[in-house]
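For reference, the structure discussed in these notes is given below.
Proteins get letters first, then strands, A, B, ... in listed order; numbering begins at 1 in each.
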Amino acid sequence: MLQVNFIRENFEKAVLGLKKRNFTEAEAVLSQLVQLDDTRKNIQLERDQLQAESNSISKTIGKLMQSGQKEEAEKVKSRTSEIKAQVKILEDQYTQQENDLTQLLYTIPNIPHESVPAGFGADENEVVLTHGDIPELSAEFKSPHWELIKKYDIIDFELGVKIAGAGFPVYKGKGARLQRGLVNFFLDEATKAGYMEVQPPILVNEESGYGTGQLPDKEGQMYFCTEDGLYLIPTAEVPITNLYRNEILQADQLPVKNVGFTPCFRREAGSWGAHVRGLNRLHQFDKVEIVHISRPDKSYEALEQMSGYVQGLLQKLELPYRVLRLCGGDMGFTSALTYDMEVFSAAQERWLEVSSVSNFETYQTTRLKLRFKDEDKKTVLAHTLNGSALALPRIVASILENNQQEGGIKMPAVLVPYLGFEWIS
RNA sequence: AGAGAGGUGUCCGAGUGGUUGAAGGAGCACGCCUGGAAAGCGUGUAUACCCCUAAAGGGUAUCGAGGGUUCGAAUCCCUUCCUCUCUGCCA
């Protein structure tokens, strides 16, 4: 969430930024926010003063008791009951005010970076660059991946339905091997690039959900284990970033660069149709995620670095891709700047999002209380960033579609050592 | 899951109602000392919010978390989470 003090000091900028993401009532909400905070401060001031008086009386009583002046002490006591009642009232008001403030802050998305284009939806995203040639498939070999997986019997949706339900595919034979190979390839690449691998839990508690911004509001997107109060993670971002919740890092620990492989679970209520066939949208899928924790003055450098890293993976996989700078309306609630990487899937003839790389600046760290000590020994909120590197299903879909030919599907050369085969046939 | 023990600052560790944000030690930082280092000596070493700010200074809260008793709680009571030991179960 945003910091009230930042809004106070950058009111106009904040309003303009939020309008860019179509948060039309920005001005009114931000004014209300500042007002709530003003009231909060006033209450705090009054409460603290009364409390201070009460504390000082208590000390006096303590001294009197020690020196045996019991009656004197009793006299002083009577004064405190009045203060106590007052403090209680103010305390309740303060809590109420603080809750209102937090609730309101939860409704305000992150302020977009100045480079973020205004816009309402996917059409207005800015294409930053396109890489690689769009493959032209012959009519003979132009099957969408959902036909290819049947033909070669490598992924079975019906079987998944039997075990769990729609959107839980079963990978078989070379399909399973392809999954495992990709995961290993991604983890190895990340390690080479200086990321530390972590294996986090894939169930998280409520606090973690709040830390990275999935909660409140998006609980509908997550599977929830009511018995234990735990959520299945929608992305490894949640557990990995929360590893650092409530921490104060030393300056020389930054940047933190973690990579983790986890399955991801999404309920994805209500989005079914032609575009979500096959592997395009699933309830469970595998993803390798990279997370950075960065100094504020280095976070955009880190974002570019991450974007470059992800592009490198796509290049090694020989997949044509483009990079989008998301417009205000299409960006996630918590992000300040997001690059989407889309791969062209040649049979569907569509760009498929395979990665989303974002800088959250302090939006997450405010909630996470994730800070570091800078050179002046001042405690400062860090910036968090993350990106998929990469999400498997659509990568699999595009590898299958783009490389189909006479004799089967040819695997990208870089994967062959991981797979132990060159062809799916 | 059952029984017991316990959760204190970066770490170890004292503290069972009264100037305790918290003894003592270690670590760390700075200074002195040294040719250099160690030892030694001295100083400092939490977080959040608020007031006042040029700086300094001050207030409130925080001893796992939440609530209660009390003029006053790290210390007493309740709830809850976690850790350890034993038993049970189990990959």
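In this structure, B:rU62 forms a base pair with B:rA46, meeting either the Watson-Crick or the G-U wobble geometry with both donor-acceptor distances under 3.5 Å. Pair assignment for B:rC52: none, as no Watson-Crick or G-U wobble contacts are both less than 3.5 Å. The partner of B:rU75, taking Watson-Crick or G-U wobble pairs whose two distances both stay under 3.5 Å, does not exist in any strand shown. Using N1 to N3 plus N6-O4 or O6-N4 for Watson-Crick, or N1-O2 and O6-N3 for G-U wobble, each under 3.5 Å, B:rC32 pairs with B:rG40. The pairing partner recorded for B:rU85 is B:rA3, the criterion being a Watson-Crick or G-U wobble arrangement whose two distances lie under 3.5 angstrom. Using N1 to N3 plus N6-O4 or O6-N4 for Watson-Crick, or N1-O2 and O6-N3 for G-U wobble, each under 3.5 Å, B:rU20 pairs with nothing.
Among residue pairs with one or both ends in residues 150-177 of chain A, those qualifying as ring-ring contact (aromatic ring centres under 6.0 Å, His included) are A:Phe168-A:His283; sequence neighbours excluded. Identified under the side chain to side chain donor-acceptor pair (under 3.5 Å) test for residues 98-110 of chain A, with sequence neighbours left out: A:Gln96-A:Asp100. Every pair passing side chain to side chain donor-acceptor pair (under 3.5 Å) that includes a residue from residues 177-194 of chain A is listed here, sequence neighbours excluded: A:Gln179-A:Asp286, A:Asp188-A:Tyr418, A:Glu189-A:Lys192, A:Glu189-A:Lys316. A ring-ring contact (aromatic ring centres under 6.0 Å, His included) check over residues 73-97 of chain A, counting only residues at least two apart or in different chains, returns nothing.
Comparing A:Asn5 and A:Gly62 along RNA chain B, the residue whose closest nucleotide (by nearest heavy atom) sits nearer the 5' end is A:Gly62.
Atom C1' of B:rC71 sits at a distance of 29 Å from the matching atom of B:rU80, rounded to the whole Å. Nucleotides B:rU20 and B:rG27, compared at atom C1', are 23 Å apart to the nearest Å. B:rU69 and B:rC11 have their C1' atoms separated by 34 Å, with the value rounded to a whole Å. Comparing the P positions of B:rU85 and B:rA73 gives an interatomic distance of 36 Å, to the nearest angstrom. For the C1' atoms, the distance linking B:rU70 with B:rC76 amounts to 10 Å, nearest Å. Using P as the reference atom, B:rC49 and B:rU8 are 25 Å apart when rounded to the nearest Å. B:rC52 and B:rC41: their C1' atoms are spaced 38 Å apart (whole Å). Across B:rU45 and B:rA23, the matching P atoms stand 11 Å from one another, rounded to whole Å.
Counting to the nearest Å, the P atom of B:rC71 and the CD1 atom of A:Ile61 are 8 Å from each other. If you measure from atom OH of A:Tyr94 to atom P of B:rC51, you get 10 Å, rounded to the nearest angstrom. Straight-line distance from the NZ atom of A:Lys41 to the C1' atom of B:rC52: 13 Å, rounded to whole Å. Summarising the geometry, the separation between CG on A:Leu45 and C1' on B:rC50 is reported as 7 Å, rounded to the nearest angstrom. Computed from coordinates, the A:Leu105 CG to B:rC49 P distance equals 13 Å when rounded to whole Å. Put simply, NZ on A:Lys63 is 14 Å from C1' on B:rU20, counting in whole angstrom units. When the C1' atom of B:rC49 is taken as reference, atom CG of A:Leu381 falls 14 Å away, rounded to whole Å.
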Below 3.5 Å between N/O atoms, which protein atoms pair up with nucleotides 42-48 of chain B? Just atom names and distances, please.
from: B:rU47; atom 1: OP1; to: A:Lys373; atom 2: NZ; distance (Å): 2.2
from: B:rU47; atom 1: OP1; to: A:Thr379; atom 2: OG1; distance (Å): 3.1
from: B:rU47; atom 1: O3'; to: A:Arg371; atom 2: NH1; distance (Å): 3.0

Polar atom pairs (N or O), protein with nucleotides 75-81 of chain B, under 3.5 Å:
none

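Residues passing the side-chain contact (heavy atoms from CB on, under 4.5 Å) test with A:Gln250 are A:Asp252, A:Gln253, A:Lys373, sequence neighbours excluded. In this view, A:Lys63 satisfies the side-chain contact (heavy atoms from CB on, under 4.5 Å) rule with no residue, not counting sequence neighbours. Not counting sequence neighbours, the partners of A:Gln49 by the side-chain contact (heavy atoms from CB on, under 4.5 Å) test are A:Leu45. Contacts of A:His292 classified as ring pair (Phe, Tyr, Trp, His ring centres under 6.0 Å), with partners at least two apart in sequence or in another chain: A:Tyr195. Every side-chain contact (heavy atoms from CB on, under 4.5 Å) that A:Pro109 has, sequence neighbours left out, goes to A:Leu18, A:Arg21, A:Phe23, A:Phe333.
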Stepwise ring pair (Phe, Tyr, Trp, His ring centres under 6.0 Å) check, A:Tyr300 with A:His383: CA-CA 10 Å; A:Tyr300 280 94; A:His383 281 192; 7.3 Å; no

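Between the A:Lys174 side chain and the A:Trp423 main chain, a donor and an acceptor come within less than 3.5 Å of each other.
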Nucleic acid footprint by protein, nucleotides 58-70 of chain B - heavy-atom cut-off 4.0 Å, B for base, S for sugar-phosphate alone: -BSS------S--

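Among the heavy atoms of the strands, none lies under 4.0 Å from A:Ile57. Using a 4.0 Å heavy-atom cutoff across all strands shown, A:Ser58 reaches at least one base atom of the nucleic acid.
Residue A:Arg40 places none of its side-chain N or O atoms closer than 4.0 Å to OP1 or OP2 of B:rC49.
The structure places CD of A:Gln364 at 12.0 Å from CZ of A:Arg245, a figure rounded to the nearest 0.5 Å.
Across all their heavy atoms, A:Ile409 and A:Ile399 have their closest contact at CG2-O, 4.0 Å.
The existence of a salt bridge linking A:Glu375 and A:Arg295 is confirmed by a sub-4.0 Å separation between a basic side-chain nitrogen and an acidic carboxylate oxygen.
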